[in-house]
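As structure tokens, the structure follows; a few thoughts come after it.
Quick note on labels: first sequence line is chain A, next is B, and so on, each numbered from 1.
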Amino acid sequence: MSRLTPSEIEPKWQAAWDAAGVFTATPDPAKQKYYVLEMFPYPSGRIHMGHVRNYTMGDVIARYKSSCGFSVLHPMGWDAFGMPAENAAMATGGHPKTWTYNNIAEMRAQMKPLGLSIDWSREFATCDPEYYGQQQAMFIDFLEKGLVYRKNAIVNWDPVDMTVLANEQVEAGRGWRSGALVERKELTQWFFKITDHADELLSAIDDLKDWPEKVRLMQANWIGKSRGLQFAFERTDGGAPIEVYTTRPDTLLGASFVGISPGHPIAKAMAEDNPEVAAFIAEATKGGTTEEALETAPKLGFDTGLKVKHPLDPNWELPVWIANFILMDYGTGAIFACPAHDQRDLDFCRKYDLPVVDTFFALDDDTPVANEAFVPPKTEKVKWVNHFAGLDVATGQEAIDATVDFAEAAGWGQGKTQFRLRDWGLSRQRYWGCPIPVVHCETCGVVPEKKENLPIALPDDVSFDVPGNPLDRHPTWRDCACPACGAPAKRETDTMDTFVDSSWYFARFTAPRAETPTDADEVGYWMNVDQYIGGIEHAILHLLYSRFFARAMHICGHLPDTAKEPFDALFTQGMVTHEIYQTRDGNGRPIYHLPEDVDLDSATVKATGEAVEIIPSAKMSKSKKNVVDPLAIIDAFGADTARWFVMSDSPPERDVEWTAAGAEAAFKHLSRVYRLAAEAAESTAPAHPDEDVALARAAARAIVDVTAGIEGFAFNTSVAKLYAFTSAVQKSKAGAAAKQEAMRTMAKLMQPMTPHLAEEMWHLLGGEGLVAQAVWPTADPALLVEDTVTLPIQINGKRRGELSVAKDADKASIEAAVLATEVVQKALDGGQPRKLIVVPGRIVNVVV
RNA sequence: GCCGGUGUGGCGGAAUGGUAGACGCAGGGGAUUCAAAAUCCCCCGAUGGCAACAUCGUGUCGGUUCGAGUCCGACCACCGGUACCA
């Protein structure tokens with residue numbers, strides 16, 4: 001009996017595709033183009049099942065679209081700058097460049113056997129000087145157009161290692177290596193002016209029709225447009241008034257204090273001659289800079305002794321506190337607190353014994369606020385205690401609008417639109433990133449490098465034995481001539497955030513070797529990305545930055561107006577998860593075990609016999625050892641099995657659990673399909689009209705269902721339908737010709753998912769050329785029509801029987817047939833139904 | 001903390017507001033075989049019942065509807081993001 005041998009057929013067909021140049025993307029004016037892109041990987045060194053799943057999804061789409069007659073672009077590259085390379089260099093003494101390029105070579109070698117329909121001729125890594133040199137050229141363009149500027153911003157500072165830390169390198173407020181308490185330090189840094197585009201980035205979300213609603217929501221919330229009131233509190237000491245911004249001006253009569261950020265100019269000025277204030281600010285600025293750390297840190301306050309006058313009542317004085325939870329970045333760095341209607345303010349006031357005044361109540365509840373702030377949705381009507389704008393019962397939003405109008409009319413405040421979105425800080429005090437191409441000259445100041453001097457390449461002769469940025473301490477790299485005056489000057493040593501690298505790689509793929517960032521013709525043909533596929537973890541930052549970057553590139557002439565939204569459709573896939581196997585050491589600390597080292601029947605470690613704890617599935621990670629190496633699966637069963645398995649079972653947007661049993665089952669199924677193809681090819685069975693038609697019907701059904709699954713990103717249901725079709729072929733007594741035709745359809749339908757097996761079947765069954773280049777099948781509508789349909793009969797909403805009627809039976813005849821059935825007669829017990837609901841082709845419900 | 005998501009048999013999951021559990025895994029039974037592997041067939045939510053069948057059942061509680069896994073409200077658990085992980 002013929003057996004499926006992936007190790008023979010997979011390399012064979014990969015070679016055939018290469019020889020025919022099937023996946024080389026070439027602009028073809030006669031064809032519609034289709035650009036499918038999966039988020040490119042970070043070259044960690046080994047691919048994991050998540051990669052296999054992600055790239056197989058993209059491959060299914062790419063191959064399907066190609067079969068449908070599109071000219072397809074499906075490229076691959078490497079998001080190659082970033083911290084792990086420097087960490088590896090510090091840990092093992094190698095060089096980030098060697099480490100990165102070695103990893104790329106290894107991962108490419110692991111990806112090739114998957115048989116992905118990728119145009120490898122377009123491959124690049126973001127750490128290639130050819131790529132980041134173009135990025136530097138664009139930075140200079142951005143500078144000219146006023147899209148980049150410098151300002152001070154806060155970083156995590158490790159006072160022992162004397163180095164800037166990433167948020168990830170801060171653990172519980174301490175530096176991960178030194179263990180020192182992290183401080184917040186101000187540095188001058190480079191920023192992209194993304195906030196200039198905030199409103200447009202927000203309103204354009206409406207047009208991203210083929211993006212998941214959740215991503216659009218997350219982006220909108222992140223941009224966070226709000227209308228509020230800006231006004232000033234007069235100080236009783238005659239000092240400069242304190243400008244505050246608030247989104248809840250309607251609660252002004254519930255104000256209990258004015259709070260300023262520890263970074264506020266008033267706080268800074270006081271700290272200069274008041275050691276107590278200086279000490280408080282030092283205390284309040286300890287810890288990491290993440291929003292989470294700031295929001296969950298214990299509330300700390302310091303009473304400055306300053307007093308301000310309430311704008312509505314000159315005799316009402318409020319104290320001014322410095323509070324650690326007020327951000328200098330948002331609004332004016334100063335607020336008024338209304339504890340009754342803000343939990344954070346309430347916690348603060350209870351801690352420091354400040355007054356709490358209710359300004360509104362729920363319509364049916366007058367209980368004063370105790371330790372839980374009353375914060376109803378702004379759309380809910382509430383009852384105002386006394387509102388200066390004359391409101392009684394109104395929603396929060398109505399009250400906010402009325403207050404803004406009132407303040408503007410009275411002249412003491414102004415309505416202002418505010419965004420939560422902050423400018424994009426791109427400076428990194430690190431080596432392994434794209435150097436920012438500017439020069440610091442004593443006479444000319446900050447000057448962009450001349451474009452003909454690009455790329456400003458990273459020096460290779462650096463070491464990582466000392467913490468900090470090696471570019472800073474390089475003996476000669478910083479030395480250069482000022483591009484403006486020619487005098488000796490120093491290079492900028494900050495490199496760019498790696499999000500910059502990934503914010504335009506999709507455009508570069510359209511002309512990866514161009515001498516300019518993009519090529520107008522290529523970009524014009526290939527952009528936009530028709531289908532972008534990646535993890536939900538990128539829902540906000542990467543996608544928002546890319547949307548901004550496309551706009552900025554358009555302003556500089558690198559992208560057409562039509563590419564300002566670069567991703568037409570977005571799909572976010574889930575993670576691949578696996579159970580975790582753990583034992584514990586003498587101190588109760590967990591020890592993790594690889595799946596292959598565990599005997600699952602007895603739940604013990606194979607080597608020692610020790611019992612393992614099985615922890616429910618979590619994202620595969622090296623540290624938890626719950627990883628399955630795709631190469632092991634490919635070795636054992638072949639790439640088609642790995643691809644088939646990651647496409648089956650779980651819907652693509654959800655996490656998928658990898659189980660060894662599932663992989664084996666996938667292989668069994670593919671073997672069965674192969675056997676059916678071989679049997680069909682050798683069959684000499686005579687035609688059998690009824691069976692032949694029945695099989696053709698099954699094939700037509702499969703074509704419709706599998707196509708719908710692919711179009712709807714429900715590959716798991718396509719797989720289920722292919723199982724059903726396989727079963728139909730297997731049971732069929734159709735003649736040889738009909739079976740061969742059915743199996744050729746099978747090959748076409750399976751080609752996107754299991755391309756090697758599909759080619760082999762196609763070849764066996766005498767298909768012409770490569771199935772990878774065959775046209776996607778369409779179903780004969782006549783074969784899809786069914787004559788009768790079975791309707792379930794519900795009585796009072798519960799299923800009690802069923803009824804077989806003609807497909808086109810009208811309502812009246814169905815009603816009559818239903819009433820005649822035994823179950824309904826019994827239920828009616830001689831009476832009349834109260835109601836009879838007939839949904840043609842669906843269901844019948846009798847209410848008695 | 002805040003924003004977003006998810007929750008259905010022993011397991012992965014299916015289901016335009018219309019027969020809950022398609023398809024697959026695991027499990028049970030059988031066929032084939034000297035035996036096995038491979039393959040094929042049947043059963044498979046829980047409880048009660050010989051059976052027909054009945055009752056319950058989609059995280060929890062409540063609501064809308066002739067009818068709710070699906071829509072609405074509250075809650076619980078878990079996951080992603082939280083601007084220097086990528």
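Taking 3.5 Å as the limit, the base of B:C3 and the side chain of A:N221 contain no donor-acceptor pair of atoms between them. With hydrogens and angles ignored, no donor-acceptor pair under 3.5 angstrom links the side chain of A:E292 to the base of B:C2. For B:C84, its base sits under 3.5 Å from the side chain of A:Q189 at one donor and acceptor pair at least. For B:G1, the base has a donor-acceptor partner in the side chain of A:E291 [N/O atoms by modelled type, under 3.5 angstrom].
Listed pair A:R428 / B:C84 meets the phosphate criterion, a side-chain N or O lying under 4.0 Å from OP1 or OP2. For A:N716 and B:A14, the shortest distance from a side-chain N or O to OP1 or OP2 is below 4.0 Å. A:T498 has a side-chain polar atom (N or O) that falls below the 4.0 Å cut-off from OP1 or OP2 of B:A86. When the side-chain nitrogen and oxygen atoms of A:K798 are compared with OP1 and OP2 of B:G57, none of them lie within a distance under 4.0 Å. Residue A:N167 has a polar side-chain atom (N or O) positioned under 4.0 Å from OP1 or OP2 of B:A83. Under 4.0 angstrom from either OP1 or OP2 of B:G4 there lies no side-chain N or O belonging to A:K214. Contact annotation: A:Q730 side-chain N/O to B:C40 OP1/OP2 distance is under 4.0 Å.
Between A:F499 and A:I536, the one whose closest nucleotide on RNA chain B sits nearer the 5' end is A:I536. Heavy-atom nearest nucleotides on RNA chain B were determined for A:L541 and for A:L217, and the one closer to the 5' end corresponds to A:L217.
Nearest to the side chain of A:I540, among B:U39, B:G81, B:U19, sits B:G81. Considering only side-chain atoms of A:R420, the nucleotide from B:C25, B:G67, B:A83 that sits closest is B:A83. In this structure, of B:A83, B:G13, B:C40, it is B:G13 that holds the atom nearest to the side chain of A:P651. Side chain of A:E537, nearest nucleotide from B:G1, B:G80, B:A83: B:G80.
Heavy-atom contacts from other residues, nucleotides or ligands closer than 6.0 Å to NZ of A:K351 number more than 12. Environment of CZ in A:R350: crowded, with over 12 heavy atoms of neighbouring residues, nucleotides or ligands closer than 6.0 Å.
A:H669 comes within contact range of no nucleotide atom at all, as no heavy-atom separation falls under 4.0 Å. Nucleic acid contact class of A:G224 (heavy atoms, under 4.0 Å, all strands): none. Residue A:V155 is classed as a base contact, given a heavy-atom separation below 4.0 Å to a base. Heavy atoms of A:V847 sit under 4.0 angstrom from primed sugar atoms or phosphate atoms, though from no base atom. Counting any heavy atom pair closer than 4.0 Å across all strands shown, A:L421 reaches a base atom. Looking at heavy-atom distances under 4.0 Å, A:K731 makes contact with sugar-phosphate atoms alone, never a base. Residue A:K668 is classed as a sugar-phosphate contact, given heavy-atom separations below 4.0 Å to backbone atoms only. In this structure, A:R672 reaches the sugar-phosphate backbone alone: every heavy-atom distance under 4.0 Å involves primed, P, OP1 or OP2 atoms, never a base. Nucleic acid contact class of A:V164 (heavy atoms, under 4.0 Å, all strands): base. Residue contacts shown for A:S427 include a base, since a base heavy atom lies under 4.0 Å away. At the heavy-atom level, A:T290 lies under 4.0 Å from the strands shown only through sugar-phosphate atoms. A:W222 comes within 4.0 angstrom of a nucleotide base, judged by non-hydrogen atoms across all strands.
Comparing the same atom, P, in B:C71 and in B:U8 gives a spacing of 16 Å after rounding to whole Å. Remark: the separation of the C1' atoms in B:G12 and B:G63 is 33 Å, to the nearest Å. The gap from the C1' atom of B:U47 to that of B:G13 amounts to 25 Å, rounded to the nearest Å. Annotation: B:U70 and B:U16 have their P atoms spaced 13 Å apart (nearest Å). As rounded to the nearest Å, B:U19 and B:A68 have C1' atoms that lie 14 Å from one another.
Pairing for B:C84 is absent, with no Watson-Crick or G-U wobble pair whose two atom distances lie under 3.5 Å. Pairing partner, B:G73: B:C61, with both Watson-Crick or wobble hydrogen-bond distances short of 3.5 Å. Nucleotide B:A15 forms a pair with no other nucleotide shown, judged by Watson-Crick or G-U wobble geometry with both contacts under 3.5 Å.
The aromatic rings of A:W504 and A:Y131 lie parallel to each other, their planes meeting at an angle below 30°, with 60° marking the opposite boundary.
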**Report entry** From CA spacing to verdict: side chain to side chain contact (heavy atoms under 4.5 Å, CB included), A:I223, A:L544
**Finding:** CA-CA 9 Å; A:I223 294 169; A:L544 188 62; 4.1 Å; yes
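A:E291 has a carboxylate O that lies under 4.0 Å from a charged side-chain N of A:R420, or vice versa, which qualifies the two as a salt bridge. Here A:E171 does not pair with A:R174 in a salt bridge; the nearest charged N to carboxylate O distance is not below 4.0 Å. Electrostatic pairing of A:K193 and A:D423 does not count as a salt bridge here, judged by no charged N lying under 4.0 Å from a carboxylate O.
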